[in-house]
Amino acid sequence: MKKKEIINLIRAHYDCDDNLFRKTSNDVARSFDEEGDYQLAQYVMSLISNVNMFKPQSISFESQFFKKIALDSPSLFLPIPIMADIKGIMNAVNHHVGINKFLFEGAPGTGKTESAKQVARLLQRSLYSVDFNEIIDSKMGQTAKNISIVFNEINRMPHPDKVVILFDEIDVIALDRVNTNDIREMGRATSNILKALDNVNEEVVIIATTNLYKQLDKAFQRRFDSIVNFDRYSKTDLVDDIGVGILNNYLKNFTKVSRDTKLFKKILNTCPALPNPGELKNLIKVSLAFSNPDAHFDYLIRLYQSLNKQNQDLDPTKLKRQGFTVREIGVLKNISKSQAARMLKEKMDE
Ligand SMILES: Nc1ncnc2c1ncn2[C@@H]1O[C@H](COP(=O)(O)OP(=O)(O)OP(=O)(O)O)[C@@H](O)[C@H]1O
Ligand SMILES: [Mg+2]
């Protein structure tokens, strides 16, 4: 036990700082453990898991390798099959039958990380993300050791039934052992995770995410009780639920902008391959943010341009072919309906 830890414990007591108290107690237990004083380490851990902390309702658990994730209110619009899988996870966890390891796989921006937050929120648990930057160490063998420390900490947590641990973008560490450059080092790290996953406390919910599922070590894939595929957005999901949902959320902050949901949906439908929700959200945000505040539909013009990769003035005959009405063509060209009708007629006569 170091001087700093004694000072921190005294400070935590007088500041009523539950976080600092638990973190320091964890550090103390770990150092006892490292010195071979296993019983004392366990005794310290059992003390802090039984004691009523300064703030009894708040579950806190901080260490170098974990980051607490704020569960801000979500605005996720998940397709029915993904939602059904998430509900299945809630049921499985609530049945307490040892099903606690889940892998979310899918392309970037499909809502994997946000869904992990959603799961934690619905289960009323705190969410801690494992920080791979801290774990991966260039020193030979240190990465594997860090993984052991991480799982030791997970298994000794004071309230395992009150947390979800997120291994976000786990491919950083669990790529196919045959395909990684540094085979021995990363192979050892992956093997350590595999073993640790087999023995992890069943009360803790573990969620890992990846967008490189196919390259993940097969042994790794088998460790999970359930794998949720996030690449299941239909065009209707993207247009009617996600697109409109995201737009409505943003419109609350853009008071000068006008709403035309029908036209918005038509614009999204002109794009043969809509991007994933993450990118779609960005496109909508950027279109709104860069729009001219005096032209209420300017954001729709910008959105059309980015989805159709077109910067110049929009061609009215192309818009007509894409199914836009004369009024809508007027909106997209920022002219009146009669001007649009005239322009179209002139083009047809050419
Ligand atoms: N279904 C959805 N509905 C609304 N917004 C979504 C949806 N999916 C993703 N988003 C938004 O897209 C952004 C990226 O989401 P998230 O970080 O969860 O994606 P991810 O699948 O974890 O991506 P990556 O693989 O790159 O980590 C977030 O701002 C999120 O709110
Ligand atoms: Mg993510």
Side-chain angles (χ1 to χ4, degrees), residues 66-90 101-123 125 127-136 164-175 205-216 220-221 224 226-254 261 264-265 268 271 273-289 303 306-307:
F66 296 92
K67 240 185 5 222
K68 187 164 187 182
I69 306 288
L71 302 180
D72 33 24
S73 59
S75 35
L76 271 186
F77 308 94
L78 292 172
I80 290 165
I82 301 182
M83 206 52 225
D85 284 354
I86 302 275
K87 281 191 188 139
I89 291 178
M90 317 298 304
K101 286 166 271 183
F102 309 99
L103 178 63
F104 291 177
E105 66 103 354
T110 47
K112 302 180 294 295
T113 305
E114 286 299 320
S115 296
K117 291 189 199 169
Q118 175 99 314
V119 168
R121 197 169 17 243
L122 293 172
L123 288 171
R125 291 179 178 228
L127 182 66
Y128 290 92
S129 175
V130 174
D131 188 345
F132 288 117
N133 291 329
E134 290 284 339
I135 289 184
I136 295 175
V164 174
I165 303 285
L166 175 64
F167 286 86
D168 211 10
E169 304 185 16
I170 194 145
D171 30 85
V172 174
I173 212 157
L175 278 191
V205 170
I206 305 252
I207 298 179
T209 75
T210 179
N211 44 45
L212 294 171
Y213 178 66
K214 292 211 171 77
Q215 280 130 277
L216 273 196
F220 196 88
Q221 297 173 4
F224 291 93
S226 163
I227 295 168
V228 181
N229 173 9
F230 276 74
D231 291 324
R232 287 182 289 171
Y233 289 90
S234 69
K235 188 155 187 181
T236 317
D237 293 330
L238 288 168
V239 174
D240 292 3
D241 300 327
I242 291 142
V244 172
I246 291 171
L247 177 70
N248 286 341
N249 275 348
Y250 279 131
L251 284 184
K252 290 177 201 152
N253 304 325
F254 288 85
T261 308
F264 172 78
K265 290 206 275 187
L268 293 190
C271 183
L274 275 175
N276 281 331
E279 199 184 326
L280 187 59
K281 185 174 173 177
N282 256 350
L283 284 178
I284 296 170
K285 185 166 83 177
V286 168
S287 303
L288 278 163
L303 186 65
S306 25
L307 285 171

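One-based numbering, in listed order, for ligands and for the atoms of each. These numbers come from the heavy atoms of this one structure, side chains and all, not from hydrogens, waters or symmetry mates. Computed from a predicted model, the values in this text were never measured in an experiment.
In terms of polar-atom proximity, G109 is counted as a contact of ligand 1, with an N or O under 3.5 Å from an N or O of the ligand.
Considering only non-hydrogen protein atoms, atom 27 (O) of ligand 1 sits nearest to E169 OE2, 3.1 Å. Summary of contacts: the protein heavy atom closest to atom 11 (C) of ligand 1 is K281 CD, 3.9 Å. Annotation: atom 3 (N) of ligand 1 to nearest protein heavy atom, F77 N, 3.0 Å. Of all protein heavy atoms, the one lying nearest to atom 13 (C) of ligand 1 is G278 CA, 3.8 Å. Protein heavy atom closest to atom 21 (O) of ligand 1, with residue, atom name and distance, is K112 NZ, 2.7 Å. Closest to atom 18 (O) of ligand 1, if we only count protein heavy atoms, is E114 N, 2.9 Å. In terms of protein heavy-atom proximity, atom 10 (N) of ligand 1 is closest to P277 CB, 3.9 Å. Given atom 17 (O) of ligand 1, the protein heavy atom at minimum distance is T113 CB, 3.9 Å.
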Where do F77 and D237 land on the side chain to side chain contact (heavy atoms under 4.5 Å, CB included) test, with the steps shown first?
CA-CA 8 Å; F77 308 94; D237 293 330; over 6 Å; no
Worked check of side chain to side chain contact (heavy atoms under 4.5 Å, CB included) between L303 and F264
CA-CA 9 Å; L303 186 65; F264 172 78; 3.4 Å; yes
Please lay out, stage by stage, how F104 and T210 fare under the test side chain to side chain contact (heavy atoms under 4.5 Å, CB included).
CA-CA 6 Å; F104 291 177; T210 179; over 6 Å; no
Check the pair D85 / R232 against salt bridge (Lys or Arg N to Asp or Glu O under 4.0 Å), numbers first and verdict last.
CA-CA 12 Å; D85 284 354; R232 287 182 289 171; 2.7 Å; yes
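The two residues T209 and D171 have their closest heavy-atom pair at O-OD2, 4.1 Å. The two residues T110 and A107 have their closest heavy-atom pair at OG1-O, 2.6 Å. Contact between A120 and L127 at its shortest, heavy atoms only, is CB-CB, 3.9 Å.
At a cut-off of 2.8 Å, N211 is not counted among the residues with an N, O or S atom near the Mg ion (ligand 2).
Distances from atom 5 (N) of ligand 1 to the heavy atoms of G243, S75, G111 put S75 nearest.
Residue F66 holds its CZ atom at 7.0 Å from CD1 of I135, rounded to the nearest 0.5 Å.
Contact annotation for F230 and ligand 1: no heavy atom of the residue comes within less than 4.0 Å of the ligand. Contact annotation: for N211 versus ligand 1, heavy atoms closer than 4.0 Å belong to the side chain alone.
Heavy-atom contacts of P108 reach the following atoms of ligand 1: 23 (O), 24 (P), 25 (O), 26 (O) (cutoff under 4.0 Å).
When atom types are taken as modelled, the side chain of K117 and the backbone of I69 share no donor-acceptor pair closer than 3.5 angstrom.
Residue contact annotation: Y233 has a non-hydrogen atom under 4.0 Å from ligand 1. Using 4.0 Å as the threshold, T110 has a heavy atom nearer than that to some atom of ligand 1.
Shown here is K87, whose NZ atom has no more than 12 heavy atoms of other residues, nucleotides or ligands within 6.0 Å.
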